[in-house]
Amino acid sequence: MTDIPKTYSPQEIEAKWYQFWLEKDYFHAADTSDKPSFSIVIPPPNITGNLHVGHALDNTLQDVLIRWKRMQGYNALWMPGTDHAGIVTEIIMEQKLEVWGTSREALGREKFIDRMWNWKNESRGTIIEQLRQIGCSCDWERERFTLDEGLSEAVRTAFVKLYDDGLVYRDTYLANWCPNCQTVISDLEVESIEIDGSFYHIKYPIKGSSEYLEIATTRPETMLGDTAVAVHPEDNRYQHVIGKTVILPLVQREIPVIADEFVDREFGTGALKVTPAHDPNDYELGLRHDLPQINIFHPDGTLNQSAGSEYHGMDRFDCRSALIEDLRDSGLLMKVVPHPHSVGHHDRCGAIVEPYLSPQWFINVKPLAERAIEAVRKGEVVFIPEREEKRFYHWMENILPWPVSRQRWWGHRLPIWYCDDCGEVIAAVETPLECTCGSQNLRQEEDVLDTWFSSGLWPFSTMGWPKTTPLLKSFYPTSVLVTGWDILFFWVARMIMLGLKCHGEVPFRKVYIHALVADEQGQKMSKSRGNTIDPIDTIYKYGADAFRFALVFCTLPNPYMPLPESQIEAGKRFANKIWNASRFLLMNLGNFDPSRTTNSNDNLYLCDRWIRSRFNATAKNVTACLDEYRFSDAAHALYEFLWHEFCDWYIELIKQRLYYTDDSSSKQTVQSVASDILERTMRLLHPTMPFLTEEIWQRLPHEGDSIMVAPWPNPNPAWDDPESENAMQTIMDVIESIRSIRGEMNVAPSSEVEILIKAPSAKNRNLLETHLEDYLPSFTRISSVSIAESLEKPAACATAIVGDLTLYVPLAGVIDIGAERNRLEKRLGKLTADLTAARKTLDNPKFIERAPKTVVMQKQDLLERFESEKEKLESNLNMLE
RNA sequence: GGGCGGGUAGCUCAGUUGGCCAGAGCGACGGCCUUACAAGCCGUAGGUCACAGGUUCAAGCCCUGUCCCGCCUACCA
C-alpha cells in the first residue's frame, strides 16, 4: 500500500473509472423496474457546440442528483441528447460557407441541409464526449437528437394536434424580423439594448400653407413609408391642422393629419409620423384609421422600390445617413438632438430587429398558458427557488401568440401543405398524397418551426411519444428539470404548456433553476466579455472532481454565482486532502482484516464514538440538503466534516493508537472504525466527486463492485452520541487553548511545556484524566500534564479558561507579562460586554415573563458561564504581577 | 413606467419558522518542512449586519421610509 502516490493525479484515474462504469452498464436505466423511478431529461445542448461553463454547472448538478438517487435505490434515468439549434447553427454554417466562397442561397435548400447533416455528423460526440469528461452518468444508449425521425414525428404530431384544435393560424402581422438572418423571431429572442441614438426634428410642410409640422423621430428613414401624421385630438397647438394634409418631405406624398388619443402630447413635439408597415404602434394606429401600409424594405433590410428610386437598394442605415443629408440640403432638417433609447437586437446575431410585415404561422398559446398556470398553482410543478414561480406567472399571464414559423432551412419543416388547385390548407403528420379536391398539386410549407417548439416536446418526445412506450409509463412526468433562469420562458414554460397539451400531464414535478456562472467580479461569464473559463481546460488543470466540487460549492439560489478560479483550486486541494487522508489510513491498515472485526462497541475510544456521531450528523445533513436542492450546503457539510473533523481531529487522535499500540484488538478496532467512516463518507461524497471517491473506495475495505451502485449511507441511530460529542468538545477546547497560548506566547513548536489543569468538577476531571494523555501528544509537545481538583497557580504562567476548567501553562523565562496581560484583558473586555448584554436581558422582567422557558434557561446558563469565566479571568489577571 | 433580487470581514458570499458570544472560503499577518498531505499544519487580526424609524421581552432576519447596486419586463415616437 506504500505505492500510493503522495499527490492526487486525476487524469488516468478519471478515464479509467469512466470506462469501467460504461462497461458495467451502470448508467443504463431499465425500461421497467420494481424500483421506484427517478428521471431527468438533459437540457439538450447544441449538437455542433462546445461545452461551456454553464453546461458544466447544469450537468454537474444533474449528475449529483442522478447518482445520489441511483445510490438511494431508484431506477434512475438520465435521458441525454442534443438539439439542432436552428438559427445559431445556420448562422455559423453560413459564416463557414462564406469562407469557402459560397453561400446558403448558392447551394440551395437540399445541398445546404446535406452540409448541415455532415457537420452534425462530424461534430457528433464532441459535446457528448465533454459531458463524459466531467463524469456525467447519462444513459447514453438512449441518446436522442431533435431531428431524429422519432422526435420529428413527435413534432409533426404535436403541431397537427394544435392545428386540429384550432390553436394554429396563419396571419400577416408586423412581427420582429431579423434582416441579417432573414427570418421572423419571437419577442423573447429580441434583446433591448440602450443605444446613443438621436432625435431628428423634421419639417413636414402643410399643404397650401407656409406652415409646417415639426416631427421628431429616431428612425428618419421610415418616413419613406409614412402614410399619416397624428396628433392628440385635444392638443391646442394642433387643432387647426387636424384633417389637413401635409406634404411628406423628399417623397412629396400627400398624407393626412389625423387625431388619435394614443399620441402623447408631452413627448417629442406632440406630432407623430405614422408608418403602419414599420412600427408596431403605427400599425395599430393605421388599422384604426384605415391607413395604407407601405412596406419600404426588402427582407434583408435594404430599401425596396416603394422607397423611391433615390433610395432603392440602399441599406437601411446608409439610407438614414443619406436621407438626413438630403433633408439638411432641402432645409427641412431642423435639429438633431441626442436621444438615448433602447433598440431591439436579435439575441443570436446582434442585428437590429425590424418590425416587418410578413405572413407567419402562430400558435395561440393563451389557453395553454392558462392551463399551465393552473397546474403550477396546484403544485403539480414546483419551482425551486420559489421566486422563479413569480416570474413564470408574470410572463404566462401576459403571454402573446407565439410566432413559430422561421424562414430557415435547418429544422422541422411545418407539416402544412397547400393545394395549388383549390387553395386548401392541409395539416398532416404523414405527407398527404392528394387534396380533398382530388388534386395532387400539393406543396409543403417552406418554413421550419422555431427550435423551441421541438425542445418544448423534449421530455416526452425523447421517451417515444406519440407512441405509448414503457419508458413514458415509467418515467413521465420526469422528477426534476435542472436549468438556468435565462431559458425559463423560452423552454421551461413551453414544456409545461406542451406537456399538458400533448401528453395530458406536466413534464416534470420540480424545476430547479440555477444561477448563471459569473466571474469573481460578479460579471456573467460570456464570450464577449472574455471572462469565460473553459471546462475542458479546467478539468485538465485541476481535475474533474475539483471542478465539480467548486461548482456544487458555489451553487446558491442566486441569479448569478461567482466561480473564482481560487474556488476551483480549493476543490483541487480538497481532493488532495482526501487523497492523503486515505493514503494515511491505507498505509496504516497493515494486515487489517475487516471480516474479523466485530461490531461490538467494547473497544471504542471516546473519539471513535465521537466521529461516528459526527458522521451521523453529516449524513443526515447532506441528505437533507440534497432533498432541498441546497447543493452548496451539502458541499460545505462534507468539506467541514472531512477536513475539519475527520482529518484535523480524528486522524490526529488515532495516530497514537495506530503507531504505538501493541494491543492488536485495539488497533483492529480503530482500523475498523476509521476505514468504515471513510468508506461511508466516500459514498456521501460520491455524487459530487465521483472519480476520486471510486478510486479510494476501491482501495478501502468495501462491499460490492463499484461505489456508483453502493447504497447511500443512512445514519446509524446507534451512533448518535451527544455525550461523547460534548466530552470531545471539552477536550478539543483544552487543546485549542493550549495551542493558542503557545502561538501567542511565541513558544517554539519544538519546545515542550508543562500543563496544569484545575478541574473542580469530578466529571471533567475524570474526562481529562481518562483521555487527555492519549490525545494531547498528537497535538502539542508537552513534558507533563497535571490534573487536580484544585491547585495553586504557578508563577509566570499563561492561563486559559475552558468551562469550569482553568489551564496553567508555566512559561518561566519565556512569558512576556505585558503580552499575557494584553491577551487576558482583551478577552476580559469582550467577556464583560457579552456579560452585560446577557444580564440586561435577564434583568428585564418581561423577558422572563414572555420568552419561552428554554430560551430563558439558555440565557441563564450563558450568564453563569460568563460570570464564572470572568471571575477566573480577573483572578488570573490579578495574580499576574 | 412596472416587477424581482440584493447592500453582512479587504474580496466572494452563508446566516433556513426572530432566541447560544454574527460564520465560511479566499486574501492579510505571525510561526512551523511535526514521518498522510507545504495543494499542508498551528495561531492572530478584521464587522456601528447600507441609513432612519417602527413592531417585539428579543431584530442581520418582520414592517415603513430613504439612499445605492443588479436583473427582468414595457409600444412613449
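Each chain gets a letter, A, B and so on, in the order the sequences are listed, and its residues count up from 1.
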Check your understanding: Starting at the 5' end of RNA chain B, which residue's closest nucleotide do you reach first, E266(A) or N588(A)?
Key ->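 Result: N588(A).
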Practice item. Could you say whether W643(A) or L556(A) is positioned toward the 5' end of RNA chain B, judged by the nucleotide with the nearest heavy atom to each? Key: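 Per heavy-atom nearest nucleotide, the more 5' residue is L556(A).
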Review point. Just by modelled atom types, is the K572(A) backbone N or O under 3.5 Å from a matching donor or acceptor in the N576(A) side chain?
Key: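 No, because the side chain of N576(A) does not come within donor-acceptor range (under 3.5 Å) of the backbone of K572(A).
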Review point. So do the side chains of L516(A) and P559(A) get within less than 4.5 Å of each other, counting heavy atoms only?
Key: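 Sidechains of P559(A) and L516(A): no contact.
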Side-chain N or O of [X] versus OP1/OP2 of [N]: is the shortest distance under 4.0 Å?
{"X": "K577(A)", "N": "C41(B)", "result": "yes"}
{"X": "Y659(A)", "N": "A36(B)", "result": "yes"}
{"X": "R739(A)", "N": "G31(B)", "result": "no"}
{"X": "R391(A)", "N": "C4(B)", "result": "no"}
{"X": "K6(A)", "N": "A38(B)", "result": "yes"}

Enumerate donor-acceptor pairs with a distance under 3.5 Å from any side-chain N or O in residues 625-639 of chain A to protein atoms, sequence neighbours excluded.
residue: E628(A); atom: OE1; partner: R630(A); partner atom: NH1; Å: 2.6
residue: R630(A); atom: NE; partner: D633(A); partner atom: OD2; Å: 2.9
residue: R630(A); atom: NH2; partner: D633(A); partner atom: OD2; Å: 3.4
residue: S632(A); atom: OG; partner: F553(A); partner atom: O; Å: 2.6
residue: S632(A); atom: OG; partner: H636(A); partner atom: ND1; Å: 3.4
residue: H636(A); atom: ND1; partner: S632(A); partner atom: O; Å: 3.0

Review point. N844(A) CG to A58(B) P: how many Å, rounded?
Key: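 One finds 7 Å between P of A58(B) and CG of N844(A), rounded.
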Point to revise | Whole angstrom value for the distance that separates P of A74(B) from CG of N176(A) | key: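 Taking CG of N176(A) and P of A74(B), I get 10 Å after rounding.
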Which whole number of Å gives the distance between the [atom1] atom of [N] and that of [M]?
{"N": "C61(B)", "M": "U55(B)", "atom1": "C1'", "answer": "14 Å"}
{"N": "C26(B)", "M": "G3(B)", "atom1": "C1'", "answer": "35 Å"}
{"N": "A9(B)", "M": "G65(B)", "atom1": "C1'", "answer": "28 Å"}
{"N": "C75(B)", "M": "C13(B)", "atom1": "C1'", "answer": "40 Å"}
{"N": "G31(B)", "M": "C71(B)", "atom1": "C1'", "answer": "47 Å"}
{"N": "G6(B)", "M": "G15(B)", "atom1": "C1'", "answer": "15 Å"}

Review point. Counting side-chain heavy atoms from C-beta on, which of G43(B), G19(B), A14(B) comes nearest to E744(A)?
Key: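 The listed nucleotide nearest to E744(A)'s side chain is G43(B).
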Check your understanding: Contact class for E652(A) vs. all strands (heavy atom < 4.0 Å): base, sugar-phosphate, or nothing?
Key ->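 Result for E652(A) = base.
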Review point. Which atom pair, heavy atoms only, marks the closest approach of Q567(A) to C554(A)?
Key: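 The answer is CG-SG, 3.5 Å.
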